[in-house]
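Everything below concerns the one structure shown next.
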Amino acid sequence: MKQNFNKYIIFWLSQSISQLGSAMTSFALILWAYTQNGSAMTVLLMSFFNFVPYIIVSLFAGTFVDNHSKKIVMLVSDIIAAVCSVAVLVLSIGNGLQIYHIYMVNFVIGFMNVFQGPASAVAVGKIVPKEKLAQVSGMNSFSGNLIAFMSPVLAASLFALGGLKIILFIDLTSFLVAFFVLLLLIAIPENIQEKAAKQSMFEGCSEGYRYLKNNRGIFTIIITMALLNFFSRLTYENILSPMILARSGNDSFALGLVNALMGLGGFAASFPIPFINAGQNVILYQRVPEQIQGRVFAVRNAIQFSPIPLGILLGGFLVDYVFEPFMAMENGVSSFLHILVGQGAGSGMAVMFLCTGVLGSLFSLVSYRKKELRELG
C-alpha cells in the first residue's frame, strides 16, 4: 500500500506539471484571441466549445469508462489532446492560426476530457488507499492553488518574450513527462467481473442518475454546484480576463499579475473552489460503490457542467450588448454605478461581477441551510 501511494505521489507531481503547462497555454490563448478583435465573446466562445461535449456525450461516458481500462482511456485522451496542441503550434509557427482553429481544438479536447475526467477520478479511488483519500484531496487543492498562482505570471512573461509558440512547446514537454509516468510507472487495478457485466450506455447513464437521485444529499451538492458553475461562468471564470485587458489597455502582464494574486491570496472565489471539489470527491469515493463510480462521476459531470455553456453565451451577450453599452450611457443609474465600479471600458463587466457576486453569495447561504447537505457532514 505504501509503495502504491509513493507511486501516486509521482503521478500527482507529473500531472500537476502537465496541468501547469495546460493552464499556461489556456491563458496564452486568451491573450492571443483577445488581441485579435478585442471582443469578450471571442474569448468566451473558447470556453463554450470546450464544454459543449459535456452536454452531448458526458451522460454516456461513464458506462464506457467502467467497461474499459481506465489507464488506456487516460492515455488515449492525453495523446489526442497533445495532437491538438501540436496542430496549434504548427499553425502558429506558419502564421496560419485562426480563432476558429482554437474553437475546433477546444471542442476535441473537451470531448476527450469527458472520458478522461471520470477515468482519472475512478483511477485515483483504485490506486490510493481509502485512509489516504482526504490527504490526496488536500494535495490536489494545494496543486490547484499553486497552478492558479504560477500559470498567469509565467504565461504572461513568456508570452511577452516569445509569444504563443514557446508556451505551446513547454506545454507539450510537460505532457510528455506526465504521459510516460502514467504509461511506465502507474498500474491501475481493473475488476474483471466489472468488465464482464457490460451495459449499454443508456442503461449505465440511467443507473448513475438513479443512484444520485436516490441519495438526496449528494444530488443536492451536485445541483448546487451546477448553479454556482452557471454564476461563475457568467463572470468570474470567463470575463475576468477581458475585463482586466479592457481596463489596462491590453496589458498582458497586468492580467497575469491579477490572476497570480488571486491564486496566491485566494481572493474572491478562487480559494474555496479546490476544497469544495475535493470534499465532494471524498464523499463520492466513500459512498459510491466502486463498480459504478465511472457512471456516477460521468452523470455528476454532465449535471454540473451542462449549465456552463449557457452561462458562457449569456455572459458574452450581456457584456457586448447590454452592460458595456449601458455603462457607456449617461443616466442616473449608470452614474451611480460608476461610483462603485469606475468608468470607461470594462465598467459594464465590473457591474456583472457585482451582480453575480451578490446572487452567488445569497444562493450559497440558502443552500448551506438545506438539511440534506448538513447531514452529509
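All heavy atoms count here, side chains included; hydrogens, waters and symmetry mates do not. Just so it is clear, the structure is predicted and the values come from calculations on it, not from any experiment.
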Pair Glu324, Leu318 - check side-chain contact (heavy atoms from CB on, under 4.5 Å), show working. CA-CA 8 Å; Glu324 284 292 313; Leu318 291 175; over 6 Å; no
Donor-acceptor pair, distance only, cut-off 3.5 Å: does the side chain of [X] make one with the backbone of [Y]?
{"X": "His338", "Y": "Ser334", "answer": "yes"}
{"X": "Ser306", "Y": "Ala302", "answer": "yes"}
{"X": "Ser157", "Y": "Leu154", "answer": "no"}
{"X": "Ser92", "Y": "Val88", "answer": "no"}
{"X": "Asp171", "Y": "Ile167", "answer": "no"}

So with a 6.0 Å cut-off around OH of Tyr103, is the heavy-atom count from everything else above 12? yes
Check whether any side-chain heavy atom of [X] lies under 4.5 Å from a side-chain heavy atom of [Y], and answer yes or no.
{"X": "Phe219", "Y": "Asn214", "answer": "no"}
{"X": "Leu340", "Y": "Leu354", "answer": "yes"}
{"X": "Phe180", "Y": "Leu185", "answer": "no"}

Could you measure the distance from the [atom1] atom of [X] to the [atom2] atom of [Y]? Nearest 0.5 Å is fine.
{"X": "Met46", "Y": "Ile30", "atom1": "CE", "atom2": "CD1", "answer": "5.5 Å"}
{"X": "Asn106", "Y": "Ser26", "atom1": "CG", "atom2": "OG", "answer": "7.0 Å"}
{"X": "Cys84", "Y": "Ile80", "atom1": "SG", "atom2": "CD1", "answer": "7.5 Å"}
{"X": "Ser120", "Y": "Asp78", "atom1": "OG", "atom2": "CG", "answer": "9.0 Å"}

Parallel, tilted or perpendicular: rings of His68 and Phe64 (30°, 60°): parallel
Relative to each other, are the rings of Phe175 and Phe179 parallel, tilted or perpendicular (30° and 60° limits)? tilted
Only one of Leu337, Val322, Val333 passes side-chain contact (heavy atoms from CB on, under 4.5 Å) with Val351, and that residue is Leu337
Mind checking what makes side chain to side chain contact (heavy atoms under 4.5 Å, CB included) contact with Ile244, not counting sequence neighbours? Leu240, Ser248, Leu255, Val258
Are Val177 and Ile147 joined in one hydrophobic group, where the rule is that I, L, V, M, F, W and Y side chains link up if heavy atoms are under 4.5 Å apart? no
